[in-house]
Novice: 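Before anything else, here's the structure in question.
Hydrogens, waters and symmetry mates are skipped; everything else that's a heavy atom, side chains included, is used.
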Amino acid sequence: MSDIRVRFAPSPTGYLHVGGARTALFNWLFARKMGGKFILRIEDTDLQRSSDEMVRGILEGMEWLGLDYDEGPFYQTDYADKHRAAAYQLLESGQAYRDFTPKQERNDATIKQDIAKEKVVNPYRNLPQAESDSRAESGESFVIRFKVPEDGKTQFDDAVFGLQERDYKETEDLVLLRSDGHPLYNLSVVVDDIEMGISHVIRGQDHINNTHKQVLIYQALGAQVPKFAHLPLILAPNKGKLSKRKHGEIVSVTTYRDAGFIPDAFVNFLALLGWSPAGIEGAEDQEIFTREQLIEAFTLEGIHKSNAVFNFTEGDARNWTDQKALWMNFEYIKTWPMEKLLPLIKPELQKAGLWRDEYEGEQRAWYEHTISLLRERARTLLDFAGHGRPYFVDDLSFEFEEAAVRKNLQKDPALKELLPQLADRFAAVTEFNHDSAEVALRALAEEKTVKAGLLINATRTALTGQSVGPSLFEVVVAVGQKRAVQRLKHAAELI
RNA sequence: GGCGCGUUGGUGUAACUGGUUAACACGCCGCCCUCUCAAGGCGGAGAGCACGGGUUCGAGUCCCGUACGCGCUACCA
């Protein structure tokens with residue numbers, strides 16, 4: 001019943017960057033919300049580079065984000081013949097003309113400027129049809145330019161920016177077909193969008209100028225003009241352009257995947273960049289949205305006009321990306337349903353060589369409990385195999401942090417005697433659990449008249465090599481009696 | 001230069017068709033909790049809505065101008 005069709009049309013630059021990802025997301029959300037179709041089209045017109053590899057980066061990013069498309073990917077170059085035919089159709093109907101100006105002359109910077117400044121009328125614009133034909137037949141090189149009408153203006157009602165008008169005089173006669181026969185962007189997009197029945201064009205605001213040109217082409221081709229919605233841009237912290245060259249990996253979505261982000265968390269963050277659920281009852285102050293809630297709340301009206309800043313501190317390891325994104329990821333890790341979280345953690349443990357199939361079998365209860373312990377302090381998926389390592393290895397192949405050893409173990413020489421004693425007490429406990437371990441430890445502390453805290457903190461470092469972590473007796477239980485005893489004895493040697 | 005667009009605390013945003021001390025989240029600071037670190041609870045600093053005029057009993061919300069920022073200005077996409 002719905003004829004809503006939208007598309008994401010990236011040019012294959014090697015990877016999906018955050019701006020593109022958000023454009024894709026908004027298209028996807030709109031399609032899902034409206035029950036329409038989401039189409040992926042690769043705009044590879046005129047790119048020399050091997051498309052395959054470049055395209056893979058885009059597809060990888062979309063797959064990770066969970067933005068599934070209903071049709072495509074289509075490749076724009078596959079339709080070059082249609083684009084060319086459209087150019088000739090416009091030529092024949094008199095809405096375009098051949099421009100025989102030599103390429104060099106056109107490319108000359110000063111001449112170009114003069115043309116722009118003085119709005120020189122192209123000398124070939126009104127060349128008689130017969131002469132144009134014969135010169136073309138004689139093999140003279142030419143481009144096909146669109147013949148922008150003299151009086152009037154283009155207009156379209158943008159879903160975000162409202163009514164947009166532009167006097168024809170502001171639009172130059174754009175090239176449709178290059179002298180080597182290659183169709184150009186503005187023509188190709190329009191022809192493809194018509195062909196694919198695109199009903200709504202949702203794209204970056206940097207295209208607003210092109211839209212005026214494209215409206216002209218739609219009309220000349222006698223096609224229905226789709227609805228447009230231009231998105232505000234995502235800027236760098238200095239409010240400048242967020243670019244691949246200047247900001248490197250931070251703009252690539254695969255960076256977030258590799259940094260241990262939950263895709264839904266990143267999607268959630270991206271959705272709030274330039275859009276908000278304004279006017280949605282009860283959702284105005286909401287920050288955390290499931291995919292379903294996002295789809296439900298999404299409207300084009302909620303998109304902002306002003307650009308958003310992607311806030312991060314260059315060179316700051318802790319705040320390497322937008323702090324809100326970091327916070328959101330943490331929030332997801334902490335609260336996501338176990339059944340959704342576990343499949344994301346498994347590959348991380350596998351990568352680190354920490355995975356055991358028993359975690360899904362007989363050790364399942366222990367495993368899930370341990371994960372629930374770790375998730376409270378994990379900021380990324382990487383932390384499970386990082387800070388979590390001591391929980392998953394039997395031996396001592398985990399790092400003893402220097403500062404932790406100094407602060408919690410070497411702080412008091414008495415620990416050299418106390419730790420082995422505690423090991424013995426632990427070993428003697430028949431029913432080893434949270435409470436019995438605590439009783440054993442506190443009893444020892446009392447007998448030796450030392451603060452329980454001294455033993456507690458030392459034990460934490462002995463068992464995990466770290467100075468921070470979950471409540472100690474939770475750690476003790478997770479590590480288990482055998483490993484705890486072993487590690488306490490070992491720790492004494494570090495003192 | 002030309003054309004277009006934008007401007008609410010550091011960042012992301014809210015504020016019904018103009019109506020009390022401009023709200024929420026992240027971040028920051030402090031306190032509480034406490035075996036550490038987080039989390040959590042409580043509290044705080046931080047914008048008077050880019051600036052200047054106007055309209056109005058009353059403007060962040062309407063109008064005009066200025067400044068600043070951004071986009072576009074290819075035989076790139």
Novice: Between A:R178 and B:C76, is there a side-chain N or O to OP1/OP2 distance below 4.0 Å?
Specialist: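 So the side-chain polar atoms of A:R178 do come within 4.0 Å of the phosphate oxygens OP1 or OP2 of B:C76, strictly under.
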Novice: What's the CZ-C1' distance between A:F161 and B:U7, to the nearest Å?
Specialist: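 To the nearest whole Å, that distance equals 13 Å.
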Novice: When we call it a touch if two heavy atoms are under 4.0 Å apart, what does A:L472 touch: a base, just sugar-phosphate, or nothing?
Specialist: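 Counting heavy atoms under 4.0 Å across all strands, the contact made by A:L472 includes a base.
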Novice: Answer with yes or no after comparing the ring centroid distance for A:Y168 and A:H212 against a 6.0 Å cut-off, counting only values under it.
Specialist: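 When the ring centroids of A:Y168 and A:H212 are compared, they turn out to be at least 6.0 Å apart.
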Novice: Write down the distance between NZ (A:K241) and C1' (B:C70), rounded to a whole number of angstrom.
Specialist: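 So the NZ-C1' distance, A:K241 to B:C70, works out to 11 Å.
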Novice: Could you tell me how far B:G6 sits from B:G44 if I compare only their P atoms? Round to whole Å.
Specialist: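 The same atom, P, in both gives a distance of 37 Å.
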Novice: Counting side-chain heavy atoms from CB outward, which of B:A14, B:G12, B:G40 is closest to A:V309?
Specialist: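 Looking only at heavy atoms from C-beta outward on A:V309, the closest nucleotide is B:G12.
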Novice: Quote, to the nearest angstrom, the C1' distance that separates B:G18 from B:C42.
Specialist: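 Roughly 36 Å separates the two C1' atoms.
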Novice: To the nearest Å, give me how far apart NE2 (A:H304) and P (B:U13) are.
Specialist: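 Taking NE2 of A:H304 and P of B:U13, I get 5 Å after rounding.
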Novice: By nearest atom, which of the nucleotides B:G71, B:G40, B:A74 is closest to the A:D206 side chain?
Specialist: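 Looking only at heavy atoms from C-beta outward on A:D206, the closest nucleotide is B:G71.
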Novice: Quick one about A:D44 and A:T77 (side-chain donor to acceptor, distance below 3.5 Å, no hydrogens or angles considered), yes or no?
Specialist: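 Short answer, yes.
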Novice: Taking the ring centre of each residue, are A:F432 and A:F426 less than 6.0 Å apart?
Specialist: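 Yes; A:F426 has its ring centre under 6.0 Å from that of A:F432.
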Novice: Watson-Crick or G-U wobble partner for B:G9, using a 3.5 Å limit on both distances?
Specialist: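 None - no nucleotide pairs with B:G9, as no candidate has both distances under 3.5 Å.
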Novice: Base, sugar-phosphate or nothing for A:P470? Non-hydrogen atoms, less than 4.0 Å.
Specialist: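 A:P470: base contact, heavy atoms under 4.0 Å.
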Novice: Hunt down the Watson-Crick or G-U wobble partner of B:G65, both distances under 3.5 Å, from any strand shown, or write none.
Specialist: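 B:G65 is paired, partner B:C51.
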Novice: Which value, in whole Å, describes the distance between the C1' atoms of nucleotides B:G9 and B:A23?
Specialist: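 Approximately 12 Å lies between the C1' atom of B:G9 and that of B:A23.
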Novice: For A:K239 and B:U7, is the shortest distance between a side-chain N/O and OP1 or OP2 below 4.0 Å?
Specialist: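 The answer is no; no side-chain N or O of A:K239 sits under 4.0 Å from OP1 or OP2.
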Novice: Determine the interatomic distance between C1' on B:A14 and the same-named atom on B:C33; round to the nearest Å.
Specialist: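 Taking atom C1' in both B:A14 and B:C33, they lie 33 Å apart.
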Novice: So which nucleotide from B:C5, B:U11, B:A77 ends up closest to the side chain of A:Q205?
Specialist: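 In terms of side-chain proximity for A:Q205, the closest of B:C5, B:U11, B:A77 is B:C5.
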Novice: Heavy-atom count check: over 12 atoms from other residues, nucleotides or ligands less than 6.0 Å from A:H387 NE2?
Specialist: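 Not buried by this count: 12 neighbours or fewer within 6.0 Å.
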Novice: Between B:U36, B:C3, B:A77, spot the one nearest the side chain of A:S11, thanks.
Specialist: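 Nearest to the side-chain atoms of A:S11, counting from C-beta on, is B:A77.
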Novice: Would you classify A:A452 as touching base, sugar-phosphate or nothing, given that sugar-phosphate means primed atoms plus P, OP1 and OP2, and contacts are heavy atoms under 4.0 Å?
Specialist: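 Touches nothing.
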Novice: Would you indicate which nucleotide in B:U36, B:C3, B:A25 comes nearest to any side-chain atom of A:E287?
Specialist: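 Per side-chain heavy atoms of A:E287, the pick is B:A25.
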Novice: Which residue in the set A:M196, A:Q89, A:H83 passes side-chain contact (heavy atoms from CB on, under 4.5 Å) when paired with A:V191?
Specialist: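 Of A:M196, A:Q89, A:H83, side-chain contact (heavy atoms from CB on, under 4.5 Å) with A:V191 is met by A:H83 alone.
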Novice: Using a heavy-atom cut-off of 4.0 Å across all strands, would you classify A:F269 as base, sugar-phosphate, or nothing?
Specialist: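 Counting heavy atoms under 4.0 Å across all strands, no contact is made by A:F269.
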Novice: When the ring centroid of A:W320 is compared with that of A:Y256, is the distance short of 6.0 Å?
Specialist: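 Ring centres of A:Y256 and A:W320 closer than 6.0 Å.
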Novice: Tell me which nucleotide, if any, is Watson-Crick or G-U wobble paired with B:G43 when both distances must be under 3.5 Å.
Specialist: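 For B:G43, the partner nucleotide comes out as B:C29, under the 3.5 Å rule.
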Novice: Can you check the A:L184 CG to B:A77 P distance for me, whole Å?
Specialist: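 Going from CG in A:L184 over to P in B:A77 covers 5 Å.
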Novice: Rounded to the Å, how far apart are A:W327 CH2 and B:A39 P?
Specialist: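 Value for this atom pair: 12 Å.
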Novice: Between A:H387 and B:C37, is there a side-chain N or O to OP1/OP2 distance below 4.0 Å?
Specialist: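 A:H387 to B:C37 OP1/OP2: no side-chain N or O under 4.0 Å.
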Novice: Could you tell me the Watson-Crick or G-U partner of B:C70, where both distances fall under 3.5 Å? Say none if there is no partner.
Specialist: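 Paired with B:C70, as far as the under-3.5 Å criterion goes, is B:G4.
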Novice: Using a 4.0 Å heavy-atom cut-off across all strands, classify A:N319 as base, sugar-phosphate, or nothing.
Specialist: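 The answer is nothing, as A:N319 stays clear of every strand by at least 4.0 Å.
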Novice: I need the CG-C1' distance between A:D173 and B:A74, as an integer number of Å.
Specialist: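 Going from CG in A:D173 over to C1' in B:A74 covers 14 Å.
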Novice: Is it the case that B:A77 (base atoms only) and A:N186 (side chain only) share a donor and an acceptor within less than 3.5 Å, ignoring hydrogens and angles?
Specialist: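 No such pair is found, so the answer is no.
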Novice: Choosing from B:C24, B:A14, B:G6, which nucleotide comes nearest the side chain of A:S306?
Specialist: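 Nearest listed nucleotide: B:G6.
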Novice: Would you say that more than 12 heavy atoms from the other residues, nucleotides or ligands in this model lie under 6.0 Å from the CD of A:E446, or not?
Specialist: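 Counting other residues, nucleotides and ligands, CD of A:E446 stays at 12 neighbours or fewer.
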Novice: Just to be sure I understand the rule, does A:S471 reach a base, reach only the sugar-phosphate, or reach nothing, if contact means heavy atoms closer than 4.0 Å?
Specialist: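 A:S471: base contact, heavy atoms under 4.0 Å.
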Novice: Distance check needed: B:A15 P versus A:Q286 CD, whole Å only.
Specialist: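 Interatomic distance, CD of A:Q286 to P of B:A15: 15 Å.
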Novice: Suppose we define a pair by two distances each less than 3.5 Å, Watson-Crick or G-U wobble; what does B:A77 pair with here?
Specialist: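 Paired with no nucleotide.
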Novice: How far, in whole Å, is B:A15 from B:A22 if one measures between their C1' atoms?
Specialist: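 My reading of the C1' atoms in B:A22 and B:A15 gives 7 Å.
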Novice: Please tell me which of A:E165 and A:V143 maps to the more 5' nucleotide of RNA chain B, matching each residue to the nucleotide holding its nearest heavy atom.
Specialist: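 Looking at RNA chain B, the more 5' nearest nucleotide goes with A:E165.
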Novice: When all nucleic acid strands are considered with a 4.0 Å heavy-atom cut-off, which category describes A:G274: base, sugar-phosphate, or nothing?
Specialist: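 Answer is sugar-phosphate: A:G274 comes under 4.0 Å of backbone atoms only.
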Novice: Want to settle it: does A:V175 or A:R377 sit nearer the 5' end of RNA chain B, counting the closest nucleotide to each?
Specialist: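 Its nearest nucleotide lies further toward 5', so the answer is A:R377.
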Novice: With respect to the side chain of A:Q164, which nucleotide from B:C37, B:C5, B:A77 is positioned closest?
Specialist: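 Minimum distance to the A:Q164 side chain belongs to B:C5.
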Novice: When we call it a touch if two heavy atoms are under 4.0 Å apart, what does A:K451 touch: a base, just sugar-phosphate, or nothing?
Specialist: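 No contact at all - A:K451 keeps every heavy atom at 4.0 Å or more from the nucleic acid.
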Novice: Taking CD in A:E402 as the centre, count heavy atoms belonging to other residues, nucleotides or ligands within less than 6.0 Å. Is the count above 12?
Specialist: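 No, not enclosed.
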Novice: Is B:G40 in the syn range, within 90° of 0, or in the anti range?
Specialist: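 What B:G40 shows is an anti base, its glycosidic angle lying more than 90° from 0.
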Novice: Provide the Watson-Crick or G-U wobble partner of B:A22, both distances under 3.5 Å; none if there is no partner.
Specialist: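 Paired with B:A22, as far as the under-3.5 Å criterion goes, is no nucleotide at all.
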Novice: What is the distance, to the nearest angstrom, from the CZ atom on A:F400 to the P atom on B:U36?
Specialist: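 In whole Å, B:U36 P lies 21 Å from A:F400 CZ.
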Novice: Looking at every strand, decide which applies to A:Y185 at a 4.0 Å heavy-atom threshold: base, sugar-phosphate, or nothing.
Specialist: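 Base, at least one base heavy atom under 4.0 Å.
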Novice: For the P atoms, the ones on B:C68 and on B:C62, what distance do you get once it is rounded to whole angstrom?
Specialist: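 After rounding to an integer number of Å, I get 24 Å for this pair.
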Novice: Counting only side-chain heavy atoms from C-beta out, which of B:G71, B:G4, B:C35 sits nearest to A:R460?
Specialist: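 Nearest to the side-chain atoms of A:R460, counting from C-beta on, is B:C35.
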Novice: In this structure, which one of A:M328, A:R291, A:E331 forms a side-chain contact (heavy atoms from CB on, under 4.5 Å) with A:N268?
Specialist: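 For A:N268, the side-chain contact (heavy atoms from CB on, under 4.5 Å) check succeeds only for A:M328.
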Novice: Assess whether one donor atom and one acceptor atom, taken from the side chain of A:S179 and the base of B:C75, lie less than 3.5 Å apart.
Specialist: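 In this structure, the two groups form a donor-acceptor pair.
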Novice: Can you tell me if A:E150 has over 12 outside heavy atoms packed within less than 6.0 Å of its CD?
Specialist: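 No, because the 6.0 Å sphere around CD of A:E150 holds 12 heavy atoms or fewer from other groups.
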Novice: I'd like the C1' distance from B:C29 over to B:G69, given in whole Å.
Specialist: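 It comes out at 31 Å once rounded to the nearest Å.
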Novice: Can you tell me how far P in B:C70 sits from the matching atom in B:U8, rounded to whole Å?
Specialist: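 Here B:C70 and B:U8 have their P atoms 15 Å from each other.
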Novice: Tell me whether the side-chain N/O atoms of A:R145 come closer than 4.0 Å to OP1 or OP2 in B:C75.
Specialist: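 For B:C75, OP1/OP2 do have a side-chain N/O of A:R145 under 4.0 Å.
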